[in-house]
Structures are given as C-alpha cells and as structure tokens.
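Down below is the structure, laid out as structure tokens.
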Amino acid sequence: MPRTLNILLIAFGGIVAFLLAAFAFFAATFNPNDYKPLIIKLVQEKKQRTLAIPGDIKLSFFPRLGADLGNVSLSERNSGTVFVAVNRANVSLALLPLFSKQLVVDRVKIDGLRATIVRNADGSTNFDDLLSHDESSDGAVKFDIDGVAISNARLTFNDRQERRTVELSNMDLETDRIAGGVSSKFKLTTDAKADKPVVDAKIQWKSAFTIDLDKKHYILKDSNADIKGKLFDFADTTVKFGGDVDVQPADKRAALKDIKLEVSGRHKAQVIDVKLDAPRLAITDTQVTGGKLRAQLKLQEAGGTINADLSVPIFEGSPKTFKVPSMVLDAVIQRGALDAKANLAGTLNGDIDKLLFAAPQLKLTLSGKQGGMGIDLQATGSASADLKKHVISSAWKGKLDESAFDAKLGINKFSPAAYRFDIGIDRIDADRYRDKANNPKQDEQTETKPIDLSAWRDVQAEGELRIGALKFNNIKLTDLQAAIRSGGGKLTLDPLSAHLYGGSASGAVSATTTAAPRITLRQNLAGIQVGQLLQDAIGKHPIEGRGNISLDVAASGGGFVQIKKSLDGTARLELRDGAVYGVNVAQAIRNAKARIGQLRGGEAPQAGTSSTAEKTDFSEMSGSFRIRHGVAHNDDLIVKSPLLRVGGSGDIDLGNERLDYLARATVVSTLQGQGGPELQALKGLTVPVRLSGPFNAISWHIDFQGLVSEVAKQKLQEKKEEVRSQAQKSLDEQKDKVRDQLKDQLKGLFGK
C-alpha cells in the first residue's frame, strides 16, 4: 500500500510539474499585444467604435490573473470623439474562482479616468449600444472585489434634453471589499460644476454600504456628506448630510433613519441657515409612516433676522397619497422697526403620483410691535400646489390691526419664479408702519437716503391692488386702484387711479430697479384742492385753489435730493378761486402808489420778505412749465383777480428749493377786490415785481427802473390818445362845416 501511494504521489507530482511547466511555457511565450489589432478590429466591427491601446499590455498569471493596460481610450460610436479614456488601468483576478463563475478581483486601480456621457434630446444616450448583448448568458456571475481605487477622474454629463451640463473633476474614490451582501465602506472626494442650476462646489462623502444584487437590496449606513461652494444662487454654501438609507426597489420599499440635514449659505446680503431632523420615514408599496419631523430656519440680513421652527407630528399615508393632520410653524421676526412673533398652523394633503398638494385649513397669527406701535394680524386661508404645472395658489382673509383684507397669492412658474396677486384692503394707515424721523438730522438722512428697489430686481410679478382708504406720507386717498407689474428690472404701476382732496387722479408710475433708479410719472389731477394736498404732503400751502394739474416727468438718482435735481419733463396747472401765499402784490403796489408820479429812476426800490400772513388772491391761474435738471421754467403765467392781471416768467429751482421769477402785475379797471378803490388811479399800469430766494423766505421788490419805463409808456400812450382825440374832434368839426356848406350850395342850385 505505501508503495502504491508513493507511486501515485510521484505520478501526481509529475503531472503537476508538467502542467506548471506547460503554464510557464504559455506565460513565457504568450504575448497579449499580438492580439491588440484583432481586439481593436472586433470593437470597430461590433460597436463601430475606435479602441486605442498605444502602450503594451502587461499580464500576470499566478497566483492571480492580472492585466496592466496602460493608456486606453474608446471613441464615440461612428466618431473620432473620445467617449472614455484612462491614463492607466490595473485589474487582477483570482484564477480558480472563474471556473465556478465567481469574479474575485484583488483590486481595481484606475488613474486619470475621463468620460463624457451624453443624453440626447430624444432621451437616448451615447452608451446605449454598449448595453446591448448579442449573446445571452446562461447564468449569473458572482463578483467579489477586494477594493477599488479611482484617482484623478473627470466625468462630464451633457444633458441635451434639459440643456444643462454637469462635470465631476478631481474625483478620487476608494472602497473596501465589494461583494454581494457584504458590509463595506467607501470614501469619495470630487469637485462638482453645473450650469442649470449653477453649482461650483467640493464634495466629500463617507459611508458604510451593503450591496446585494441578488436581492436588489442597497444600504447606506452612517452616511456623512459635506458639500462646500456655490449652490444655485447661494455663495459660501455648506451642506452636511447624515443618516441611514435602506432601499429595496424591487419590493418598493425604502426607509430613512436619523436623517440630519444642515444647510448654510449667503444669498446677496442674506445669510441663511437651515436644519432638518427626520428620525424615521418608512415607505412601502402600500404605506408611508413617519416620525416627528422638525425643521429650523434662520435668516440674517442687514435689516434684521428671522428665526422659524417647523414641526410635523407622526403621519401616515401611502406612496401615492398622504395626510398630515397638523403642522405648526413658529417664527420670530426682528427686522427694522418690526419685532414680532408669527404662528402658522394647518393640515396638509398630497397626491405624490400627480404631484398635487393642498393645505385646506390654514390659520396665521402675528403679534408684536412696529416701532412704538403694536401690530396684530389674524388670518385664515387655504393653499394648493400642482408641481407638474408649476402652479401654487393661496387665498387669505383677515385683519391687520384696523385693516380688513382679502388676498389671493400664487406662483405661475417656478424657474424663474413668476408671482401673481390680487389684494383688496378696506383701509390702511401706511404711516403707522413707517419709521418716523424725530429730529432734523433724521429728516436730512431721509432726504439723502438711497431709494432701494433691489429686492424687485429679479422678481417677476403681476397683480392688482385695491385700497378703500389709504394714508401714506400724510397724504389721504380713497378708492385707490393699481395694476402692478415687475419684471425685466422694472417696477410699474399702470394704470394708477384714486380720489383725493375733492378730485381724482389717474396715470402711471414706473421705476427701474437699478442702484440709482430711474422714475417716470404721468399723472393727471382733476378738481383737486391744491392747498389741502400741499399742507398734508409738505406741511405748507404756498398756493391754494381748486383745479387741474398734469405731470409728465422723469428723474433718476439714489435719493430724493438727487431725484429732485435730475427732474425732467413738463407740467401744467389750471386753478380757480385761490391765493398765492407769501406776497401781497396789491399791497406792494398800494405802498408804491405815492411814488409813481415822482419817479425819476433814482428812487430806492420798494422791497420786503414774504410772510405767510400775506397773500395774493386770484379767480383764475394757469401756466405751463418746462422742467430741465430740476429747474422748472415758466413764461406763460396768467393770474386773474378782480383788481389785477399778473403775467410773468422765470425759474423755479426744485432741486435747491429756490425761486427766481419776475411777475408783471397790471391794475385793471374794476374797483372790486383787494384794495380796489385805492388803486383806481393806477388802472392800466403794469408793475414789475421780482421774486427770489429760498422757498421758506422768498424776498420781493418792485423793479422801479422797469416801472419808470412802464410809466413813460403809459404817459406816451395817454398823450397819443389825447392827440388822437383832439385830431378826431377837429376832423369831426371840419366835416360838419363842409357838410353845412355843401347843404347851402345845394339849396341855391335847386332854388329851394
């Protein structure tokens, strides 16, 4: 027996030695590079792609079958464009498991991977042909990879269907063992860029994972991802994600556990922080259950902060529909003069298949202070969303302090967002919610403070606004109606109409949303009590009367001072039964009456400073103005009163609030009105009155030099009239004599 065993062992050893020798001879003589042309040809014939292997293929046979391919590239189908390429690829396999259809890979190393994936407009991709199989497989191949190392990779996704590009560059991926049902780990770092939406960020992702292809079961455990960079319109963004994900697509099952999401970023001048905690969410083909969900939002900007907390209790539903019985949003708002707390509570229903969501019962409350004033908002409403159509709608009714409102708000399009609204308010005192200046310095700062419309720059909105009674900047209006549009960097109110101060207003207002906005105003005021309007608007009434005013002006600038100085356009006024305050033209002429007969050109001028107690009454006033760089020029003024007729020309400097005007007052024949009987002797005389100085202290003086000329003209005219009268009288007398002589001669001729 031992002898037989020895013989068998010797024979077996001989066979093994022979096989090893044969394998060594094969390894020594086999050169895979001899087959490169054949492989390249087969790829070209089968796939119509060009395979390039410029370097030598290096093989190892024992104890593992391995290949070092060096630089390899594969072209697009029927094109010379590179589809995928690597600087170096190294793969080694365990030899014996291949005979039992087990793919046991020692390690895969790939350096410098470059691939471009294209999805065409019809949904097809540039690798569809690589997924087709000419020969069917008679059994599955089990795989077992000890580890994967990919370094310096770049993947580009060109999505022509959505017209966007996504690129992952500087990508490094390392994994532990990859095998069916075996727990492992991976680490991924990459730079990500995209154009729609805009992304430019660095990604780091670590996680344990399990892949079971037989059961189609995929698990991420203790997953931890960090993203830093620019996301959407947010700069300096940081995203942190953690939790467990368990997905079984074939069984339509998914579970999320201990999900934590933190997002922080900066949008223009706003800093935003969001936190989301979802302890449990389970999804099956028939049911969805979730634990208490909580989200927190903090918004910071120069004007203040908003802190919000959303709480959703345990909820149930199905993958198609769900219902949240109650949700609560609490917020603390500290912005400018507003310090308030808000609460929004309601229910939420959804149809996930149709992407329809509805909140049929919502209640909103807000309480706090606006400056020194208390603020109280109570409203009820409903909201709905159709995400397939990109439409969101909501309707609200309620009261804000003493104002009742009815509002419809919505979005017609998500990207870019297009808002719509229809708001009706019975009455509102807007001054109640404005910061009020308490000293001259604050007033000056208000005048020079830039008008900031930047919040409307990227807003697309359209809607209607109706207010029964409005007080704004102490101006009182009723029946205000405005169609408001925002878009393309412009904010427009057209048409804009209201009733005010016994009359009506109609027209339009528009403004650009640039740093120094350009504002245009077209407005017609009809039947307005001008004095009351000016008194409420500026605290003064330099002129009063009832009539019409038309404005067609434009201006630009950072603040109200710049806007006044850049004002261009035209204006016209037509007033009746009013007065101009600050100067009494009739009194000024009456004071100068004693000197008029003695004027020789050297008299000291009659002068004074305006007083609000003095005024010049008129029955009619009209004039037009050409406005250029904040200076309004007029040369067709007409003022009528029972005693005077006033014309004139000059400039009103609105930007610097100064007046330089020459009024020409003519005494008419009537003896009624201010000081009529005293000026009877001056009828027909035109008296020039120069008005100048700042609006709050206008000085006036009578232009006696001009008056001398006027008196001379009057005397000359009177002399002309006297001569003409005497000549006419002499002519009439001569006519009478000639007529009498002719009559006597005719009597003698006919003997009668």
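What's counted below: heavy atoms across the whole structure, side chains too, no hydrogens, waters or symmetry copies.
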| Those residues that, when tested against Phe234, pass ring pair (Phe, Tyr, Trp, His ring centres under 6.0 Å) (two or more places apart) | His267
| task | State which residues pass ring pair (Phe, Tyr, Trp, His ring centres under 6.0 Å) with Phe209; sequence neighbours excluded, sorted by chain then number. | result | Phe186
Pairs satisfying salt bridge (Lys or Arg N to Asp or Glu O under 4.0 Å), at least one member in [range], at least two apart:
range            : result
residues 393-417 : Asp401-Arg432
residues 295-305 : Glu301-Arg335
residues 357-371 : none

Between [X] and [Y], does any side-chain N to carboxylate O distance fall below 4.0 Å?
X      : Y      : result
Lys341 : Asp330 : no
Asp176 : Lys185 : no
Lys202 : Asp191 : yes

Search all heavy atoms of [X] against all heavy atoms of [Y] and return the closest pair with its distance.
X      : Y      : value
Thr190 : Ser169 : OG1-O, 3.0 Å
Ser264 : Asp273 : CB-OD1, 2.9 Å
Lys216 : Ala250 : CD-CB, 4.0 Å
Ala404 : Asp426 : N-OD1, 2.8 Å

| said: Evaluate Val263 against Leu276 for side-chain contact (heavy atoms from CB on, under 4.5 Å), listing each step before the verdict. | reply: CA-CA 9 Å; Val263 180; Leu276 173 67; over 6 Å; no
When you check the side-chain N and O atoms of [X] and [Y], is any donor under 3.5 Å from an acceptor?
X      : Y      : value
Asp536 : Tyr501 : yes
Ser384 : Ser393 : no
Trp205 : Thr189 : no
His217 : Asp251 : no

Looking at [X] and [Y], would you say the former's side chain and the latter's main chain have a donor-acceptor pair under 3.5 Å?
X      : Y      : result
Asp195 : Val198 : no
Thr347 : Ala359 : no
Thr210 : Gly181 : no
Asp122 : Ser124 : yes
Asp244 : Asp222 : yes
Ser207 : Leu220 : no
Thr513 : Gly489 : yes
Asp431 : Asn474 : yes

Sub-4.5 Å side-chain heavy-atom contact between [X] and [Y]:
X      : Y      : value
Thr116 : Val118 : yes
Ile563 : Ser556 : no
Val239 : Leu261 : yes
Ile428 : Ile467 : yes
Lys490 : Thr492 : yes
Ser326 : Pro313 : yes
Gln523 : Leu525 : yes
Phe241 : Ile259 : yes

Spacing of [X] atom [atom1] and [Y] atom [atom2] [to the nearest 0.5 Å]:
X      : Y      : atom1 : atom2 : value
Phe357 : Leu348 : CZ    : CG    : 7.5 Å
Arg164 : Asp159 : CZ    : CG    : 5.0 Å
Thr512 : Leu453 : OG1   : CG    : 7.5 Å
Gln161 : Asn120 : CD    : CG    : 9.0 Å
Ile333 : Ile375 : CD1   : CD1   : 9.0 Å
Leu477 : Ser497 : CG    : OG    : 10.5 Å

With [X], which residues qualify under salt bridge (Lys or Arg N to Asp or Glu O under 4.0 Å), at least two apart?
X      : value
Arg420 : none
Asp200 : none
Asp258 : none
Arg266 : Asp236

For the [atom1] atom on [X], are there more than 12 heavy atoms of other groups (residues, nucleotides or ligands in this structure) within a distance under 6.0 Å?
X      : atom1 : result
Gln378 : CD    : yes
Arg485 : CZ    : yes
Lys228 : NZ    : no
Gln270 : CD    : yes
Arg466 : CZ    : yes

Can you list every ring-ring contact (aromatic ring centres under 6.0 Å, His included) pair that touches [range], not counting sequence neighbours?
range            : result
residues 333-352 : none
residues 387-409 : His390-Phe414
residues 465-487 : none

| said: Between Thr165 and Thr156, does the side-chain contact (heavy atoms from CB on, under 4.5 Å) criterion hold? Intermediate values first, please. | reply: CA-CA 7 Å; Thr165 301; Thr156 302; 4.2 Å; yes
| Test applied, salt bridge (Lys or Arg N to Asp or Glu O under 4.0 Å); reference residue, Asp277; option that passes from Lys260, Lys257, Arg294 | Lys260
| task | Decide yes or no on side-chain contact (heavy atoms from CB on, under 4.5 Å) for Gln204 and Lys187, but give the supporting numbers first. | result | CA-CA 8 Å; Gln204 292 184 341; Lys187 177 182 178 181; over 6 Å; no
